[in-house]
Amino acid sequence: MSANVGSGISGRQRPARLGRRALVAALAAAGMALPAAAEPLLTAAESDPVALGWMQGFPPPPEKIIGQPDSDYFSFPKLRWTVCHFRELLPTRRVSRGLEAPRPLPYALDPNIDAVTFTPLGGGEPMTWEAAFDANYTDGLLVLHEGRVVHERYAGCLDEAGVHGAMSVTKSVTGLLAEILVAEGVLDETALVAEILPELEESAFGNATVQQVMEMTTGLDFSEDYADPEAEIWTYNAAASPLPKPDDYEGPRSYYEFLATVQPEGTHGEAFGYRTVNSDALGWIIARTAGRSLADLVSERFWQPMGAEQDAYFTVDAIGTPFAGGGLSAGLRDLARLGQLVLEGGELDGERLFPEAAVERIRQGGDRDAFARAGYANLPGGSYRGMWWVLHNEHGAFAARGVHGQTIYIDPTARMVIVRFASHPVAGNAANDATSLPAYQALAEYLMQRELEAP
């Protein structure tokens, strides 16, 4: 979900550290991921939270309880239950759907989609869509084509009435809000961050532009190497954790306080660096500019007008700040509604909800040279704009992506939106890209061909 953070404590002196178990809890509280275990992993069927009996019974057996104060609830295979139950473990802030009836999604299910085949990246035997579902530890998968649901399936901890952690898909929701404010002339992307947030003047963010934050080309001293106990990610997550701190803890106690400590490294604008703190800085910029909480803005700009069927929610830090980089949980169909709204350029049933220019800017993409320096082997020729991943492939596809397999994949050429929730044991998307990206392309081609052959 993130990739690098910066401590910025003066003189590189870090505050007294939390114990390892508390730090792991802080990591999970911020919606971040632990490194995968080296030993052989359980399959999707073997790790199914229902089959394993997590949190079943009144009360559950002690060995089947997942909760506080235990700090391993985001470790595999427990994470396969946790991703649907953040609200039972952490404080949250609601994203209200309002009081109106939900806007229905039209259905035209295609039973042949499961048989669509593709070849994984790097070669190998052809694979079907149905096989990829379990291979990627999928909890929920929905496909829209021309605005109609053509495929929908649930497993694991998720059903139609459930919500699931979106992880870093949250970043793209935050980025879309920023692009809307820029398109509306409310937010100046050329402004220095310190002009909007004087509190960050002495930090690495102070002399970066809003655009550099939105494209993650900021030069920050921030490591998210989970294997390094001295990495700034631990300080960041300790600050973000709403859990009680030890008596001797002297570090930052909120997202805001931590962001003010981030120190510079490198030059702004030179290279793409996927760092979650950029998203939290952007969330702060948005809230200050609009004078509204990020959660309220997501409700007012998206959830209510698009006719969501369920409230969503953000995990929050100790002072109630929504986690702009990864804290959103939502229903599968509601994320599909959001994806369709983006595909339509901000228009819904003839009503314009936000300027089309916001989506056009995302589709144009960011600095490809800066992105190439980050070395994403599975995304050659790609870029990053408005906190969306832009593939620059022949279909002009772009995506919101989150650890453990979360996706909103939008293919404008095929008029297709794919939304996936998953609980893959490996955090990084590289673990499932080989059986995801070619699957998405194959489905797009199938749907386009089906349209051509329709009577």
Side-chain angles (χ1 to χ4, degrees), residues 31 83-87 92-109 138-177 180 293-315 322-324 326-349 351 353-354 359 387-388 399-402 404-410 416-423:
V83 288
C84 292
H85 297 275
F86 281 120
R87 200 167 202 178
T92 60
R93 180 159 181 166
R94 183 173 65 129
V95 176
S96 173
R97 59 163 297 276
L99 300 176
E100 299 297 324
R103 191 182 299 259
L105 286 174
Y107 275 72
L109 295 175
T138 308
D139 300 320
L141 183 63
L142 188 148
V143 180
L144 291 171
H145 181 232
E146 296 289 356
R148 299 184 298 272
V149 179
V150 294
H151 185 76
E152 184 176 17
R153 183 178 174 188
Y154 299 88
C157 66
L158 192 64
D159 59 23
E160 292 178 337
V163 297
H164 192 289
M167 310 305 177
S168 284
V169 167
T170 310
K171 291 180 174 65
S172 300
V173 178
T174 301
L176 177 60
L177 276 173
I180 291 169
S293 159
L294 185 68
D296 291 341
L297 288 169
V298 172
S299 170
E300 294 165 7
R301 300 306 303 258
F302 305 140
W303 245 242
Q304 294 190 51
M306 76 182 189
E309 61 189 68
Q310 294 177 271
D311 290 339
Y313 56 86
F314 278 94
T315 56
F323 179 25
L328 182 68
S329 286
L332 184 70
R333 288 195 287 248
D334 287 335
L335 271 198
R337 286 179 171 89
L338 180 61
Q340 185 67 28
L341 180 60
V342 173
L343 174 64
E344 301 292 352
E347 188 172 295
L348 182 62
D349 295 340
E351 179 185 1
L353 302 187
F354 56 79
V359 176
M387 302 207 168
W388 288 74
R401 291 156 56 90
H404 300 286
Q406 324 316 317
T407 301
I408 303 175
Y409 183 93
I410 300 174
M416 177 187 77
V417 175
I418 299 171
V419 180
R420 183 180 68 191
F421 284 136
S423 46

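Computation of the quantities below employed the complete heavy-atom set of this structure, encompassing side-chain atoms and omitting hydrogens, waters and symmetry-equivalent molecules. This one's a predicted model, so the numbers in the text were calculated from it and none came from an experiment.
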I'd like to check the salt bridge (Lys or Arg N to Asp or Glu O under 4.0 Å) partners of R333; sequence neighbours left out, ordered by chain and number.
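Per chain and number, R333 pairs via salt bridge (Lys or Arg N to Asp or Glu O under 4.0 Å) with E152, E160, E309.
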State, yes or no, whether a side-chain contact exists between [X] and [Y] at a heavy-atom distance under 4.5 Å.
X    : Y    : answer
L353 : F302 : no
R153 : T138 : no
I418 : T407 : no

Parallel, tilted or perpendicular for F421 and H164, by the 30°/60° rule?
parallel
Which residue, R94, R97, R93, forms the salt bridge (Lys or Arg N to Asp or Glu O under 4.0 Å) with D311?
R94
Quick one: side chain to side chain contact (heavy atoms under 4.5 Å, CB included) partners of [X], sequence neighbours excluded?
X    : result
Q310 : V163, D334
L109 : Y107, V149
A312 : V95, W303, L328, A330
E300 : R292, D296, L297

Residue pairs passing the ring-ring contact (aromatic ring centres under 6.0 Å, His included) test where at least one lies in residues 139-160, sequence neighbours excluded:
W129-H151
Are any side-chain N or O atoms of T92 and backbone N or O atoms of T315, one a donor and one an acceptor, separated by less than 3.5 Å?
no
